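Each remark here refers to the structure printed beneath this line.
Since we're looking at a predicted model, the values are computed, not measured. Throughout, a chain's letter reflects where its sequence line sits, starting with A, and its residues are numbered from 1.
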2 protein chains.
Amino acid sequence: MRLPVRRAAEVCPVEVAVSILGGTWKLTLVKHLTAGPLRFGQLGRRVPAANRKTLTRALRELEEDGVVHRDVHAEVPPRVEYSLTALGGTLAPIVEAMDSWGADYAARLAADPLQGRGSSRSA
Amino acid sequence: MRLPVRRAAEVCPVEVAVSILGGTWKLTLVKHLTAGPLRFGQLGRRVPAANRKTLTRALRELEEDGVVHRDVHAEVPPRVEYSLTALGGTLAPIVEAMDSWGADYAARLAADPLQGRGSSRSA
DNA sequence: CGGAATCCCTCCCGATACTG
DNA sequence: CAGTATCGGGAGGGATTCCG
């Protein structure tokens, strides 16, 4: 992962998407932002498993890739709002498809523990 | 990435999909397999950037996650065919959506170099 | 031909603490 | 509140070599 986008494009367009969206939490962040702009802290509360540093980096990379817009309000206390760009908005179908696929997969796991350890490593 | 699927499910279903499909080359492999079964060597030729070890591991993990089926023919020389499972087949819309999104993104990059270095690290 | 084994190295992601 | 600085572990991924 994290191939340079241009290299990824030479191999296969799907890898472009993966290289941009494949990082942990990134698609989750995009998903939450499809409902509207959110502040940094609000995003953090919606993804408690990600710490601030990780969150910041993910958002920065999404911003660099043109998916997310960062709006800094010069106030005290600071307020930073994140929203999807037009390009980010075009991800909605993908997010929805992957969300429902993932939900199905999780449901299947719960109902049918036989394939339980797939892609699970440590804890 | 590579969160245990069960943990990912607790956070967000999209992360389940990402943890299964987010690995490098994985979606590319699925994409090529949507056209029909392929042998190991054929897959390797379609993804020259991936070496055999990486390819093998990616396929094994996809197999463990129930996306890919591995068919070993007891012959000399050996012949191993990979195909999508029924579950893997349900990925077709996602693959297609991400492929076209990635293609659009790459085209935009080529036409509009201003956002050129997005998500690119070294080479 | 398709893999297993080995070595190695990047960088992803997390925990913690400090700043404006 | 939002972010950076620092530290660190550990997995992901590559190159190479040997095997059946």
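Atom CZ in Arg7(A) sits roughly 17 Å away from atom C1' in dG13(D) (whole-Å rounding). Distance NE2 (His73(B)) to P (dG3(C)): 11 Å, rounded to an integer number of Å. Protein atom CG of Asn51(A) is 13 Å distant from nucleotide atom C1' of dA17(C), rounded to whole Å. If you measure from atom CZ of Arg52(A) to atom P of dT6(D), you get 17 Å, rounded to the nearest angstrom. A straight line from CG of Asp71(A) to P of dA2(D) spans 13 Å, rounded to a whole angstrom. Protein atom CD of Glu61(A) is 8 Å distant from nucleotide atom P of dC13(C), rounded to whole Å. Across the protein-nucleic acid pair, Trp25(B) atom CH2 and dG14(D) atom C1' stand 11 Å apart, rounded to whole Å. The separation between Glu75(B) atom CD and dG3(C) atom P is 13 Å, rounded to whole Å.
OP1 and OP2 of dG14(C) both lie 4.0 Å or more from every side-chain N or O belonging to Arg57(A). Taking only side-chain nitrogens and oxygens, Tyr82(A) comes nearer than 4.0 Å to OP1 or OP2 of dG3(D). Distances shorter than 4.0 Å separate some side-chain N or O of Arg60(A) from OP1 or OP2 on dT4(D).
Considering Leu59(B), Val47(B), Leu62(B) as possible partners of Trp25(B), the one that fulfils the side-chain contact (heavy atoms from CB on, under 4.5 Å) test is Val47(B).
Looking at heavy atoms from C-beta onward, Arg46(B) lies out of side-chain contact with Cys12(A) at the 4.5 angstrom threshold.
Residue Pro78(B) places its side chain closer to dG20(D) than to any other of dC13(C), dG20(D), dG3(C).
Asp71(B) places no side-chain N or O within donor-acceptor distance of the main-chain N or O of Glu81(B), the cut-off being under 3.5 Å. No donor-acceptor distance shorter than 3.5 angstrom exists from the side chain of Thr54(B) to the backbone of Ala50(B), with no hydrogens or angles considered. Between the side chain of Glu15(B) and the main chain of Ala9(B), no donor-acceptor pair closer than 3.5 Å is present.
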request  = Show your reasoning for whether side-chain hydrogen bond (donor to acceptor under 3.5 Å, both in side chains) applies to Thr90(B) and Trp101(A).
outcome  = CA-CA 8 Å; Thr90(B) 66; Trp101(A) 191 89; 2.9 Å; yes
request  = Just do the side-chain contact (heavy atoms from CB on, under 4.5 Å) check on Val67(B) and Glu63(B) with the steps written out, would you?
outcome  = CA-CA 6 Å; Val67(B) 171; Glu63(B) 188 190 3; over 6 Å; no
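Side chain Lys53(A) to base dT6(D): a donor-acceptor pair is found below 3.5 Å.
For the segment residues 35-49 of chain B, the set of residues with a heavy atom within less than 4.0 Å of an atom of DNA chain C comprises Arg39(B), Phe40(B), Gly41(B), in numerical order.
Nucleic acid contact class of Thr56(B) (heavy atoms, under 4.0 Å, all strands): sugar-phosphate only.
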